[in-house]
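Every chain is numbered from 1 and lettered A, B, ... according to where its sequence line falls, protein lines coming before strand lines.
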Protein chains: 2
Amino acid sequence: IARLTGVGKEYQVGDQTIVALKPVDLEINEGELVLIIGPSGSGKTTLLSLIGCVIYPSYGELFVNELLVNEMSQKQLAALRLNSIGFVFQSFNLIAPLNAFDNVLMPLQLKGIPSAIAKKKAEAALDLVGMLDRKKSLPKQLSGGQQQRVAIARALVTDPKLILCDEPTASLDASSISTVMNELVSLARSGKGVCVVTHDPRLIAYADRVIKVDGGQATEISKEGLT
Amino acid sequence: IARLTGVGKEYQVGDQTIVALKPVDLEINEGELVLIIGPSGSGKTTLLSLIGCVIYPSYGELFVNELLVNEMSQKQLAALRLNSIGFVFQSFNLIAPLNAFDNVLMPLQLKGIPSAIAKKKAEAALDLVGMLDRKKSLPKQLSGGQQQRVAIARALVTDPKLILCDEPTASLDASSISTVMNELVSLARSGKGVCVVTHDPRLIAYADRVIKVDGGQATEISKEGLT
Ligand SMILES: Nc1ncnc2c1ncn2[C@@H]1O[C@H](COP(=O)(O)OP(=O)(O)OP(=O)(O)O)[C@@H](O)[C@H]1O
Ligand SMILES: Nc1ncnc2c1ncn2[C@@H]1O[C@H](COP(=O)(O)OP(=O)(O)OP(=O)(O)O)[C@@H](O)[C@H]1O
Ligand SMILES: [Mg+2]
Ligand SMILES: [Mg+2]
């Protein structure tokens, strides 16, 4: 679903050049759950944002659904993300004036899904993450873990081919973590491509493949090599 | 340093009454590291926000430094927080247009600390969390874990009596976690009151006392009872 060839990212901060990600070759396939693990500041969010067409590469070529992403306009990228990608952001990015239900409903409305069907899908997604009883609450009325769960529901509600989650369990307790991870595994089994960024090694158990990121360097490692 | 008698918090959401925290008696003493642990949505942030004078109780009395907080004005509370409390927020609350250095410097400037001394303290705090080389970066130019570390530096820079941390390690990797937790333990040993909210049971090892929160109910439990 996603293919990176020599893709890297740099930022300019004043007179400093920050290499967020060194050039990497990588493929994300349907039916797999890929874990991206590494220390703070190592480049995990950068790698996921490139795969998810949220930022442009500084070098290399990025293909999603066999389309070359580098040349696409912001408008084309937005359409690609809406139709094919579900993204759980590290800081959730919920829309502050909308309640939980409307946050989850929004991608379906943008896709023009008929209202009655959209509402059923939004309720099912909230129910899955245990947030249906708080559907009328605004983000600021929810705890950190509750906001994270609404963000997860929103990413899954459009049934995307590629599901990208940036530390989706950082604010969750043990039972919510296993609910979310088991759901991501079953989505992978049903043919989706799933990528989870984390610094929590306990999630390795759920992964089919593991990519280690350190100081901007991404390398695939075998699960067995990790204990 | 902080004493709660029958303190509870409720919110009104439309026609729903949400009990965020049931009435609880609790003391936070100097020289102790108290861990507040519990599932998502259980009331941990609410409890910490009450202790830190960020929100008013719905019932009960709250004393900080022997002062009755319930009757204080917003201005008096702001002065109390500036002089006695260091707070690491669950979503960091860094000031977006200020770089890392100026974010950490700000509480010192608000206290009227002379500029040369303030700059030294801000640099030392950033150095402690390993963020000195990024002091000119804006929050949006930093990774999640880097922002969390800047938020920790800012909470510690005024040398407060009471240090309150809401999930301070949620975005950090193993080595940053032990750096931060060891520093919090040593601050407690030097006579400060330290409260850490977390859902990560691995932090229990650093705690002197443990308070479990579940469905708004806070109860003190013995460390031994937790493995
Ligand atoms: N917009 C930006 N401008 C400058 N530097 C940036 C920007 N975005 C990211 N970086 C830098 O790129 C590096 C990698 O950042 P990234 O967010 O990918 O890390 P991460 O692995 O997700 O970290 P964490 O686990 O802390 O979230 C960091 O040093 C970060 O400060
Ligand atoms: N401003 C508010 N309005 C309405 N309800 C609120 C508000 N703030 C918190 N709550 C509710 O109070 C309960 C406790 O919230 P709190 O933020 O204390 O949980 P928490 O234990 O910190 O959770 P997490 O681990 O997910 O951060 C939750 O059900 C939350 O939705
Ligand atoms: Mg990140
Ligand atoms: Mg919380």
Side-chain angles (χ1 to χ4, degrees), chain A residues 11-16 18 20 37-46 48-49 89-92 94 99-100 129-131 133-150 166-167 169-177 179-180 197-202 213-214 216, chain B residues 11-16 18 20 37-46 48-49 89-92 94 99-100 129-131 133-150 166-167 169-177 179-180 197-202 213-214 216:
Chain A
Y11 292 102
Q12 212 58 35
V13 179
D15 52 356
Q16 259 179 318
I18 310 267
I37 195 156
S40 167
S42 56
K44 306 182 294 299
T45 293
T46 303
L48 204 74
S49 305
F89 294 89
Q90 190 165 5
S91 49
F92 318 146
L94 295 177
N99 65 27
V129 297
M131 287 300 299
D133 64 332
R134 297 298 299 273
K135 65 182 191 183
K136 293 225 173 92
S137 292
L138 296 174
K140 67 176 194 244
Q141 293 169 327
L142 297 175
S143 77
Q146 290 169 334
Q147 291 177 30
Q148 187 155 53
R149 285 185 273 155
V150 173
D166 200 342
E167 312 239 12
T169 61
S171 307
L172 301 182
D173 53 76
S175 84
S176 305
I177 289 177
T179 303
V180 166
V197 158
T198 188
H199 56 266
D200 185 350
R202 295 173 297 180
V213 188
D214 205 339
Chain B
Y11 292 101
Q12 212 57 37
V13 180
D15 53 355
Q16 258 179 319
I18 310 270
I37 195 156
S40 168
S42 57
K44 306 182 294 298
T45 293
T46 302
L48 205 73
S49 304
F89 294 89
Q90 190 164 4
S91 49
F92 320 146
L94 295 177
N99 64 28
V129 297
M131 287 300 299
D133 63 333
R134 297 298 299 272
K135 66 183 189 180
K136 292 224 172 92
S137 293
L138 296 173
K140 67 175 193 245
Q141 294 171 326
L142 298 175
S143 76
Q146 291 170 334
Q147 292 180 29
Q148 186 156 50
R149 286 185 272 154
V150 174
D166 200 343
E167 312 238 13
T169 62
S171 307
L172 301 182
D173 53 75
S175 87
S176 306
I177 290 177
T179 303
V180 167
V197 159
T198 187
H199 56 266
D200 185 351
R202 295 173 297 179
V213 188
D214 206 339

query: Checking Q141(B) against chain A: side chain, backbone, both or neither under 4.5 Å from a heavy atom?
result: side chain
Atom pair CZ/OG of R134(A) and S143(A) - distance to nearest 0.5 Å: 8.0 Å
- prompt: Is it the side chain or the backbone of Q90(A) that comes within 4.5 Å of chain B heavy atoms, both, or neither?
  reply: side chain
- prompt: Got a second to check how far I177(B)'s CD1 is from T169(B)'s OG1, nearest 0.5 Å?
  reply: 4.5 Å
task: Give the member of R149(A), K136(A), H199(A), Q146(A) that has the highest number of heavy-atom pairs under 4.5 Å with chain B.
output: H199(A)
message: Suppose we screen for side-chain contact (heavy atoms from CB on, under 4.5 Å). Which residues come up paired with T46(A), at least two apart in sequence or across chains?
response: K9(A), A20(A), L21(A), L50(A), I55(A)
- prompt: How many angstroms lie between atom OG of S137(B) and atom CD of Q16(A), to the nearest 0.5 angstrom?
  reply: 6.0 Å
statement: salt bridge (charged side-chain N to carboxylate O under 4.0 Å, His left out) filter on D200(B), not counting sequence neighbours, yields R202(B)
message: Under 4.5 Å from any heavy atom of chain A, what part of L142(B) do you find: side chain, backbone, both or neither?
response: neither
- prompt: Side chain, backbone, both or neither: which part of D133(A) has a non-hydrogen atom closer than 4.5 Å to chain B?
  reply: backbone
- prompt: Under a 4.5 Å heavy-atom cut-off, does chain A meet the side chain of Q147(B), its backbone, both or neither?
  reply: neither
message: Under 4.5 Å from any heavy atom of chain A, what part of S40(B) do you find: side chain, backbone, both or neither?
response: both
Under 3.5 Å: donor-acceptor pair, side chain of Q148(B), backbone of E167(B): yes
message: I'd like to know if the side chain of T45(B) pairs up with that of D166(B) as donor and acceptor (distance under 3.5 Å, no hydrogens or angles considered).
response: yes
query: Of the listed residues (S171(A), P201(A), G130(A)), which shares the most heavy-atom pairs with chain B below a 4.5 Å separation?
result: S171(A)
task: Let me know if T198(B) has heavy atoms under 4.5 Å from chain A in its side chain, its backbone, both or neither.
output: neither
